[in-house]
Amino acid sequence: MTNARRKQIKNRLALLERASMLFGRYGALVPLAIAYLRGWPTHVELYPNTQIGESWKVFLSLFLYWLAALALERAVSFVQRSLEA
């Protein structure tokens with residue numbers, strides 16, 4: 001691999017690292033904004049075996065966005081380690 005190609009890959013990796021950091025920091029705002037705009041309730045009413053309301057969608061989407069941020073961070077760390085080797 002040439003030095004120019006290696007530099008290009010490192011620049012792209014730096015951009016991906018910055019994007020994953022911003023997604024990890026602000027990614028949870030996306031499902032909250034969607035929930036606010038769609039008017040989903042934010043309260044949970046629990047009964048013995050049932051849950052009333054649609055707040056579980058907000059919590060599930062927050063969890064999924066957190067997992068996506070974690071996956072992006074792990075992908076960046078794997079690529080950095082593979083370039084160092």
Problem - Nearest-0.5 Å distance that lies between atom CE in M21 and atom CG in L72 - result: 12.5 Å

Exercise for the section: Quick one: list whatever passes ring pair (Phe, Tyr, Trp, His ring centres under 6.0 Å) with Y36, sequence neighbours left out. Expected result: none

Completion exercise
Besides F78, the hydrophobic cluster formed by Ile, Leu, Val, Met, Phe, Trp and Tyr side chains linked at under 4.5 Å, directly or via other members, contains none

Handout entry: Straight-line distance of N3 CG to Q8 CD, nearest 0.5 Å
Key = 13.0 Å

Exercise for the section: Apply side-chain contact (heavy atoms from CB on, under 4.5 Å) to L29 and list each qualifying residue two or more places apart in sequence or on a separate chain. Expected result: Y26

Completion exercise
Taken to the nearest 0.5 Å, the spacing of L16 CG from L13 CG works out to 6.5 Å

Practice task
Please name all residues satisfying side-chain contact (heavy atoms from CB on, under 4.5 Å) with S61, sequence neighbours left out, ordered by chain then number.
Solution key: P31

Problem - Nearest atoms (heavy-atom pairs only) where A68 meets F23 - result: CB-CE2, 3.8 Å

Handout entry: Counterpart residues, side chain to side chain donor-acceptor pair (under 3.5 Å), relative to E73 (two or more places apart)
Key = none

Handout entry: Pairwise distance CG(L15) to CZ(R12) - rounded to 0.5 angstrom
Key = 9.5 Å

Exercise for the section: Not counting sequence neighbours, list each pair that qualifies as a side chain to side chain donor-acceptor pair (under 3.5 Å) and has a residue in residues 16-25. Expected result: E17-Q80

